[in-house]
Amino acid sequence: METRLIDVHDDEVCARAYEVIVASKDHERPWHEPPSLAETLVEWRHVDEAEPMEMWGAWDGDELVGVATIWLPMSDNTSMVWHDVQVHPAHRRRAAGSALVERIVHRAGEEGRSTLVTDLMVPPESEDHPYRRFAERHGFRLSNTEIIRHLQLPVAEDVLGRQAEHARARWEGEYRLETHVGGVPPELQPSLCAVMNQLAVDAPTGDIDFEEETLTPERYEEYLALFRRQGRVRLTTVAVHEATGDVVAYTDLMLPSGAPSVAWQWGTLVHKAHRGRRLGMAVKVENLRRLQDDHPERQRVVTGNDDTNAWMVSINEDLGFRIVELCPAYQRRL
Ligand SMILES: CC(C)(COP(=O)(O)OP(=O)(O)OC[C@H]1O[C@@H](n2cnc3c(N)ncnc32)[C@H](O)[C@@H]1OP(=O)(O)O)[C@@H](O)C(=O)NCCC(=O)NCCS
C-alpha cells in the first residue's frame, strides 16, 4: 500500500478522494448528508496560513482507496496535529488505514509535533466498534466523547416562544440580541473573536489540553469570504452587552450549499462573566427562528456536545434535540 500526497489542484484525484471520503462517512449512517464536491473543493484549495491542511492518499495499485487529512495549527496549539483517516468501505481491512496513520505519525515528527488528535463517528452503544479498535491498535487513547444530537425542524413556535420568554426574564434590559447573516459587522468582530477564542478552553474536552485559540477579525473575514465562495450561509446570533457594546455570547449555524436539508450547529458560548442569565438559550432560540423563517428547506440541525457539558445539553434537550450517534475524540502522544 503506497501513500502519496494528494495534489488538491488535480481535479480527477480530488473527485476520487471526495468519493472515498463520502463513501466512508456514509457507511452505516443513512442520515449522513455530505457537502457537495464543489464546496469541498473550494475548501481544499483555500490556503489557511493559520492552519495549513494536507491530504495523503493510500493507493492500492492505481486505485485511491483511503484518504488522510491533517491540519497543522500554526498560531495556537502548535504541539498538535488534527487529523482524519477515511478508508473506502470496499477496501477496508487491507492495511490502508494503518499505512495512512504511519504516514501521519511520520509527518507529525517532521513538523516537531507531539500530539495527534482525531475523532470518529460511532453508534451510541459501541464500546467494541471497529473504528475504536483501529484507533486503540494504533496507540490512541480515548480522551472525551461528544454526543451527536439532531433536531427535527420546524420546532413548534410555542416551544420556541416559551423558551425565549423564560430566558428573556433574566437578560432583558442589560443586553440586546442581534442576528447577522454572513458574519457580524466589523465593529462587533473584535469582541466576537475574543469570545470565540474561549470555546476551545471552556468547552469540556477530557484530557486533551487545548490552548485558547487566536482568531482575529482579519482571519474571521477570510473565513467569511471562503464560506461565500462555497455558497454557504452562516447565521450568527450574538448577545451584545449594552453597557460596553461588546459581544458576550454567540451561536453559529452553518448551512452547507450542497446538503440542502441540514444545518450544522457550530459554536455556542457565553462569556464567563455573563453566565447564569440564560443568554445561551436566548441566542439559540433567536438563531433557530431565523433559520426556520428564512430557510424552510432545512429539515434538521446537527449538533455535538461533550457528555459532561450538562448546561449545553440541557438547553438542547429542552429544544427537542435527540441522540443519534457518538463522536469520541482520541489522542496519541508521540
Ligand atoms: C478505521 C478505518 C480507517 C480503518 O481502515 P482500514 O484500512 O480498514 O484499517 P487497517 O486494515 O489498517 O486495520 C488495522 C487494524 O485496525 C483494527 N481494525 C480495523 N477494522 C476492524 C474491524 N472491522 N474489526 C476489528 N478490528 C478492526 C484491526 O486491529 C486491524 O488490524 P488487523 O486487520 O491486522 O486485525 C476505516 O474503518 C474507516 O475509514 N472508518 C471510518 C473513519 C474512521 O473512523 N477513522 C478512524 C480515525 S482514527
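What's counted below: heavy atoms across the whole structure, side chains too, no hydrogens, waters or symmetry copies. Ligands are counted one by one from 1 in listed order, and the atoms in each one are counted from 1 as well.
Taking only non-hydrogen atoms, the option from V85, V122, I104, D84 nearest to atom 45 (N) of ligand 1 is V85. Among H27, R133, K25, R93, the residue whose heavy atom lies nearest to atom 22 (C) of ligand 1 is R93. Looking at A58, A68, G97, it is G97 that brings a heavy atom closest to atom 6 (P) of ligand 1. Atom 36 (C) of ligand 1 has its nearest heavy-atom neighbour, among E28, R92, R29, in R92. Considering only non-hydrogen atoms, atom 32 (P) of ligand 1 lies nearest to R137 out of E102, R137, Q86. In the candidate list L116, V87, T118, V87 is nearest to atom 5 (O) of ligand 1, counting heavy atoms.
Taking atom 16 (O) of ligand 1 as the reference point, the nearest protein heavy-atom neighbour is F134 CD1, 3.3 Å. Nearest non-hydrogen protein atom to atom 40 (N) of ligand 1 is Y131 CE2, 3.2 Å. The closest protein non-hydrogen atom to atom 23 (N) of ligand 1 is P130 CB, 3.2 Å.
The list of ring pair (Phe, Tyr, Trp, His ring centres under 6.0 Å) pairs with a residue in residues 88-126, not counting sequence neighbours, reads H88-H91. Annotation: ring pair (Phe, Tyr, Trp, His ring centres under 6.0 Å) contacts involving residues 158-209, sequence neighbours excluded, comprise Y175-H241, Y175-H274.
Residue contacts with ligand 1: H91 is placed with no nitrogen or oxygen under 3.5 Å of a nitrogen or oxygen of the ligand (distance criterion only). Inclusion of D119 in the set of residues having an N or O under 3.5 Å from an N or O of ligand 1 is not warranted. Close N/O approach between L120 and ligand 1 is not found [any backbone or side-chain N/O within under 3.5 Å]. The shortest N or O to N or O distance between S24 and ligand 1 is below 3.5 Å.
Using modelled atom types, one side-chain atom of R113 and one backbone atom of T78 make a donor-acceptor pair closer than 3.5 Å. R219 contributes no side-chain N or O that, together with a main-chain N or O of D48, makes up a donor-acceptor pair within less than 3.5 Å. A donor-acceptor contact shorter than 3.5 Å links the side chain of Q189 to the backbone of V184.
Other residues, nucleotides and ligands contribute only 12 or fewer heavy atoms inside 6.0 Å of the CD atom of E12. Within 6.0 Å of CZ in R141 there are 12 or fewer heavy atoms belonging to other residues, nucleotides or ligands.
For the pair A95 and ligand 1, a heavy-atom separation below 4.0 Å is found.
Between R107 and E111, at least one side-chain N (NZ, or NE/NH1/NH2) sits under 4.0 Å from a carboxylate O, which counts as a salt bridge.
Within ligand 1, counting atoms from 1 as listed, the ones closer than 4.0 Å to a heavy atom of S98 are 10 (P), 12 (O), 13 (O), 14 (C). Counting atoms of ligand 1 from 1 in the listed order, those under 4.0 Å from a heavy atom of R94 are 11 (O). Of all atoms in ligand 1, listed by their number and element, those nearer than 4.0 Å to a heavy atom of A96 are 7 (O).
The same ILVMFWY cluster, assembled from side-chain heavy atoms under 4.5 Å apart, contains both V248 and V283.
Of the residues N287, T251, N316, the one that meets the side-chain hydrogen bond (donor to acceptor under 3.5 Å, both in side chains) test with Q265 is T251.
Note: Y220 OH to L192 CG = 5.0 Å, rounded to the nearest 0.5 Å.
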